[in-house]
Peer 1: 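My questions all concern the structure below.
All values derive from a computational prediction rather than experimental measurement. Positions are given from 1, in the same order as the sequence printed here.
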Amino acid sequence: MMSPIIDEIAVQLGEKVKVGKVNVDENQDLAMEYGVMSIPTIVIRKNGEISKTFVGVRDKNEILEALK
């Protein structure tokens with residue numbers, strides 16, 4: 001459900017941000033490292049640190065605001 005929104009954000013922001021998607025079923029160690037307990041989980045990192053985590057479906061504008 002969030003995948004198309006994440007794709008739109010990646011296109012919209014282009015080179016300003018790195019966007020990635022992880023299949024937690026195939027990457028359980030990474031999911032554990034980030035404390036993913038529910039899907040979807042969106043983790044925003046700035047300067048190597050986690051700055052915001054969203055759990056559940058979110059509005060595109062809410063994500064874009066967190067990326068500023």
Peer 1: Applying side-chain contact (heavy atoms from CB on, under 4.5 Å), can you list everything that pairs with V57, at least two apart in sequence or on another chain?
Peer 2: M1, M2, P40

Peer 1: Does the side chain to side chain contact (heavy atoms under 4.5 Å, CB included) test come out yes or no for V17 and I44, once each step is laid out?
Peer 2: CA-CA 10 Å; V17 298; I44 297 175; over 6 Å; no

Peer 1: Using the rule that Ile, Leu, Val, Met, Phe, Trp and Tyr join whenever any side-chain heavy atoms are under 4.5 Å apart, tell me whether M32 and V36 fall into a single cluster.
Peer 2: no

Peer 1: Given a cutoff of under 4.5 Å between side-chain heavy atoms of I, L, V, M, F, W and Y, with clusters grown through shared members, what are the other residues clustered with M37?
Peer 2: none

Peer 1: Is L64 linked to F54 within one hydrophobic cluster, defined over Ile, Leu, Val, Met, Phe, Trp and Tyr using a side-chain heavy-atom separation of less than 4.5 Å?
Peer 2: yes

Peer 1: Please answer whether the main-chain N or O of E26 pairs with a side-chain N or O of N23 as donor and acceptor at a distance below 3.5 Å.
Peer 2: yes

Peer 1: Are V19 and V22 connected into the same hydrophobic cluster when the rule is that any two of I, L, V, M, F, W, Y join if their side-chain heavy atoms are below 4.5 Å apart?
Peer 2: no

Peer 1: Using the side-chain hydrogen bond (donor to acceptor under 3.5 Å, both in side chains) criterion, which residues pair with K21? Sequence neighbours excluded.
Peer 2: S3, D7

Peer 1: Hydrophobic clustering (ILVMFWY, side-chain heavy atoms < 4.5 Å, transitive) - are L30 and I50 grouped together?
Peer 2: yes

Peer 1: By side-chain contact (heavy atoms from CB on, under 4.5 Å), which residues pair with D59, not counting sequence neighbours?
Peer 2: N61, E62

Peer 1: Would you give the length of the straight line joining atom CD1 of I63 to atom CG of L13, rounded to the nearest 0.5 angstrom?
Peer 2: 11.0 Å

Peer 1: Enumerate the side-chain hydrogen bond (donor to acceptor under 3.5 Å, both in side chains) contacts for residues 36-50, please, sequence neighbours excluded, ordered by first and then second residue.
Peer 2: Y34-R45

Peer 1: According to a hydrophobic-cluster definition based on side-chain heavy atoms being under 4.5 Å apart (Ile, Leu, Val, Met, Phe, Trp, Tyr only), do I39 and V43 belong together?
Peer 2: yes

Peer 1: Considering only residues two or more places apart or on different chains, which pairs with a residue in residues 8-18 satisfy side-chain hydrogen bond (donor to acceptor under 3.5 Å, both in side chains)?
Peer 2: E8-K60, Q12-K60

